[in-house]
Amino acid sequence: MDHAAAATLPDAHPDHLDTSTGVDSRKLAFWTFIGSECLLFGTLIATYMVYKGASRVPPYPHDTVVNGQAYEGILDIPLTSLSTFILLMSSVAMVLALSAVQRGDRAWGRNWLIITAALGATFLGFQVYEFNHFYHAGLKLSTNLFGATFFTLTGFHGAHVTAGVIYLLTLALLVHRGRIGPEKSITVEIAGLYWHFVDVIWIVIFPLVYLIR
Amino acid sequence: MSTTTHTIPAPAAAPGPAPSETGLWSWITTVDHKRIGIMYGVTAFLFFLIGGLQAVLIRTQLAVPENNFLGADVYNQMFTMHALTMIFLALMPLTSAFFNYIVPLQIGARDVAFPRLNALSYWIYLFGALFLISSWFLRLAPNVGWFAYANLTEPAYSQGVNVDFYVLGLQVLGLASIIASLNFIVTILNLRAPGMRLLRMPVFTWMALVTSVLIVTAMAIFTIAVTQLLFDRFFGTMFFDPSKGGDPVLWQHLFWMFGHPEVYILIVPMLGMVSDVIPTFSRKPLFGYNVVVFSGILIAWLGWGVWSHHQFAVGLGPIAESFFAVSTMLIAIPTGVKVFNFLATMWGGSIRFTTSMLFAVGFILMFTIGGISGVMHSAAPADLQQTDTYFVVAHLHYVFFGGTVLGLWAGMYYWFPKVSGRLLDERLGQIHFWGTMVGMNLTFFPMHFLGLYGMPRRIFTFSADLGFNGMNLLATVGAYLIAISTLVLTWNLVRSWKRGQLAGPNPWGAPTLEWSIPSPPPDYNFLEIPTVRSRMPLWEEDSSKQGGIPHGRAQEGMDTITLGGTRVAEMEFPDEPSLMDPSEAHADHIHLPPPSYWPIILGFGISLLFGALIFRHVTGPLHNLWYLSFVGFVTTLVGIFGFALEPGHDH
């Protein structure tokens with residue numbers, strides 16, 4: 001929602017209209033934060049790419065032949081494709097949540113926020129399963145470079161999703177209690193920025209880690 | 001557009017510092033940018049004194065050959081901690097102190113965009129700094145250089161907790177810098193007074209913006225690099241361990257991708273400070289404002305593409321080395337442009353050599369020497385000869401001391417009256433200046449020769465027959481002279497805080513907004529938010545300077561930024577938006593955010609979360625203290641909710 005639309009709402013809080021750029025300060029801060037986050041993730045992704053194929057001992061991510069011996073890849077692409085789809089769908093729910101909050105629909109604002117969080121939590125469930133499976137297949141942080149780079153990168157992303165789920169559930173509670181109405185929908189919008197960012201980063205990670213050999 | 005200027009000269013019956021709360025609790029819970037600025041300044045100055053003490057101990061060890069005053073191990077800790085203390089605990093936070101105090105005043109704002117976040121970054125900084133410095137008092141300090149090159153930092157080669165202090169301490173301190181910089185970026189972009197277009201901002205504010213952008217980008221890379229090192233040391237990964245396939249050169253790249261922008265983080269704010277100091281004491285507007293601003297942006301931009309000139313000795317191959325050699329040479333251009341702009345500003349001005357101006361001129365001279373020896377490093381073949389010698393030590397101290405520190409002192413003498421309401425003593429100031437100038441050149445100039453004669457860095461002693469004796473003794477004498485001069489400054493600060501000569505709102509006849517309000521400013525800064533019509537609002541009425549005041553080339557109501565004749569950006573800017581309610585003209589109605597104790601709780605939680613991990617590598621009963629890390633985690637969670645849901649704060 002842009003500020004022009006906000007101005008037409010009856011109890012629009014005028015604070016964020018008074019800034020020099022016209023952009024709400026919290027929103028600007030969040031965009032800057034996202035810029036910083038891009039470099040955090042960028043560094044992890046770059047490290048992953050630099051060390052791709054540099055592991056000296058199995059398990060390897062993809063089917064590999066080393067010294068004539070074949071090793072089966074450990075990554076489960078169909079399974080992760082499914083969890084990726086679920087995470088992307090959560091972004092749709094996030095858009096609907098914001099829309100509901102903006103038009104003052106408390107029930108659906110709350111519901112869509114809970115659905116977004118639930119989809120995020122499902123993605124996390126897949127990740128917990130995957131990490132657990134890898135652990136039992138002999139891949140730990142200390143096993144090889146694939147383990148080190150894979151767990152730090154996807155784990156860092158998972159931590160962001162976890163924070164996002166808590167964030168969204170908190171907002172759902174606030175919307176439910178009527179503490180976030182249309183006049184404060186910017187709060188939900190900013191949470192949406194964060195959530196979409198976490199999704200977009202996964203869209204970068206998924207092909208680089210899972211699809212490209 | 002109205003014809004009157006709304007800058008408010010201090011009324012005769014200025015309320016002065018409003019009857020604001022005093023006492024420890026009010027400082028712990030404060031969210032006022034001015035108080036936070038003072039806390040940053042005092043804390044960082046104390047760390048500056050500690051860093052100086054470390055330097056004096058280093059020079060004492062090196063005064064004579066075959067000395068065993070410190071011994072090799074303590075010496076390693078000493079030079080590592082000298083760098084870490086000066087860079088992360090003293091100089092960056094000192095610039096942060098100026099950003100905090102001065103920037104909102106220069107743009108006509110009542111506070112920063114996120115006052116509580118500002119307090120949070122201070123508390124994280126304080127706890128992180130205490131954590132890191134405690135290692136030095138325990139004689140367990142990091143001993144691998146501030147660059148902490150792999151694979152020396154791997155657990156196999158650095159046992160014990162020394163490197164852990166580095167990893168955990170910098171993790172926490174980096175977070176503080178990123179949070180603070182997010183805040184400054186939003187403050188500068190969003191809280192400008194009406195009419196304060198981007199190209200009307202004082203250059204110091206501009207450079208604060210540029211520096212903050214550098215911090216949020218560079219610090220992010222470093223945060224991950226340190227996290228990877230943390231995982232190597234605590235969780236058995238092998239990011240930088242070549243015996244398991246890791247690549248130590250990756251650490252070098254990640255470190256210097258942060259480390260080189262860090263150099264600019266430490267110099268760009270001072271380029272801004274002297275850009276404000278020199279016009280004031282030359283009684284002339286800054287020569288080539290736009291060029292100075294865009295040079296600053298260009299320095300920061302190019303600063304991103306030069307990091308590997310720190311790694312010429314690694315052998316990156318001719319293509320990489322050529323690229324980084326050329327990009328390094330390029331940086332000399334915008335830097336040189338600034339120097340000439342400063343000179344042209346002084347040219348024909350009626351110069352007053354106050355202590356502040358002396359330091360600004362000293363800054364130009366010394367920083368230029370440091371810049372020239374810096375360009376010498378850009379030639380990769382020559383750099384191979386200079387790598388790891390005292391030539392590099394000489395260069396970096398001409399930049400950090402001749403640039404950063406002298407620039408800081410110029411700013412200190414300039415803005416101290418605004419902060420305290422009292423002038424620093426000029427006679428002590430002159431002693432401080434000349435002692436510092438003579439001292440620094442005695443200390444660092446001979447190091448150029450020592451380096452070219454082959455004296456290596458980071459070696460705790462040298463043998464008597466190498467021909468290094470005389471110049472090392474000279475350097476030590478100079479270091480003591482700097483130390484004595486710094487004590488003079490310390491005495492000056494302490495004495496003038498309560499007993500200095502009263503300054504009044506604008507003791508220097510300076511042109512920018514911070515000088516339009518009483519010294520020290522009231523809690524709300526501006527009784528009425530001023531409307532800005534030029535770059536030098538306080539000089540508009542002065543006919544002697546009227547001809548030269550540039551107003552910026554922007555059209556009315558629109559900020560157009562052109563680069564090489566092409567329009568690159570445009571920003572709408574209504575000339576007189578009604579930023580404030582008329583009722584706010586009375587001080588009682590000015591809404592200021594209430595104090596909050598959540599920043600210190602959250603800051604403590606985050607610091608404990610990382611800091612307590614140190615006990616994982618301690619044996620004996622203390623080992624179990626690492627579970628405090630979980631306490632820190634819970635405190636952080638509670639802190640975040642308390643912070644976010646606190647009533648009375650929108651953000």
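Every chain is numbered from 1 and lettered A, B, ... according to where its sequence line falls, protein lines coming before strand lines.
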Does Arg177(A) CZ have over 12 foreign heavy atoms under 6.0 Å away? no
Please report the interatomic distance CG(Leu189(B)) to OG(Ser25(A)), rounded to the nearest 0.5 Å. 9.5 Å
Heavy-atom contacts under 4.5 Å, residues 110-143 of chain A to chain B: Leu141(A), Ser142(A), Thr143(A)
Neighbour count >12 (heavy atoms, 6.0 Å) for atom CH2, Trp31(A): no
Roughly how far apart are Thr21(A) OG1 and Ile188(B) CD1, rounded to 0.5 Å? 13.0 Å
Best-contacting candidate, Thr187(A), Thr149(A), Leu174(A), against chain B by heavy atom pairs under 4.5 angstrom: Thr149(A)
Is it the side chain or the backbone of Phe156(A) that comes within 4.5 Å of chain B heavy atoms, both, or neither? side chain
Do Arg56(A) side-chain atoms and Ser243(B) backbone N/O form a donor-acceptor pair below 3.5 Å? yes
CZ/Phe234(B): more than 12 non-hydrogen atoms of other groups inside 6.0 Å: yes
Among Leu40(A), Leu44(A), Thr170(A), which residue has the highest count of heavy-atom pairs closer than 4.5 Å to chain B? Leu40(A)
Side chains of Thr47(A) and Gln228(B): is there a donor and an acceptor less than 3.5 Å apart? yes
Measuring only between side-chain heavy atoms, which start at C-beta, is Thr217(B) closer than 4.5 Å to Ser36(A)? no
So for Thr32(A), is it side chain, backbone, both, or neither that comes closer than 4.5 Å to the heavy atoms of chain B? both
Which atoms of Phe235(B) are under 4.5 Å from chain A, going by heavy atoms: the side chain, the backbone, both sets, or neither? both
With only heavy atoms counted, which part of Asp247(B) is less than 4.5 Å from chain A, the side chain, the backbone, both or neither? both
Ranking Thr223(B), Val216(B), Leu645(B) by heavy-atom pairs under 4.5 Å to chain A gives rank one to Val216(B)
Look only at the side chain of Asn190(B) and the backbone of Leu28(A), and say whether a donor-acceptor pair between them is shorter than 3.5 Å. no
To the nearest 0.5 Å, what is the distance between CE (Met257(B)) and CG (Leu39(A))? 10.0 Å
Measure distances from Ile221(B) to the heavy atoms of chain A and classify the residue's part below 4.5 Å as side chain, backbone, both or neither. both
Side-chain (Ser20(A)) to main-chain (Arg192(B)) donor-acceptor, under 3.5 angstrom: yes
Quick check: does any side chain N or O of Tyr51(A) sit under 3.5 Å from a backbone N or O of Phe239(B), one acting as donor and the other as acceptor? yes
Atom pair CG (Asn144(A)) and NZ (Lys244(B)), whose distance is rounded to the nearest 0.5 Å: 11.0 Å
Point-to-point distance, once rounded to the nearest 0.5 Å, from CD1 of Ile166(A) to CZ of Phe641(B): 6.5 Å
Part of Phe33(A) within contact of chain B (heavy atom distance under 4.5 Å): both
Leu254(B)/Thr43(A) under side chain to side chain contact (heavy atoms under 4.5 Å, CB included): CA gap, chis, key distance, verdict: CA-CA 8 Å; Leu254(B) 295 180; Thr43(A) 310; 3.6 Å; yes
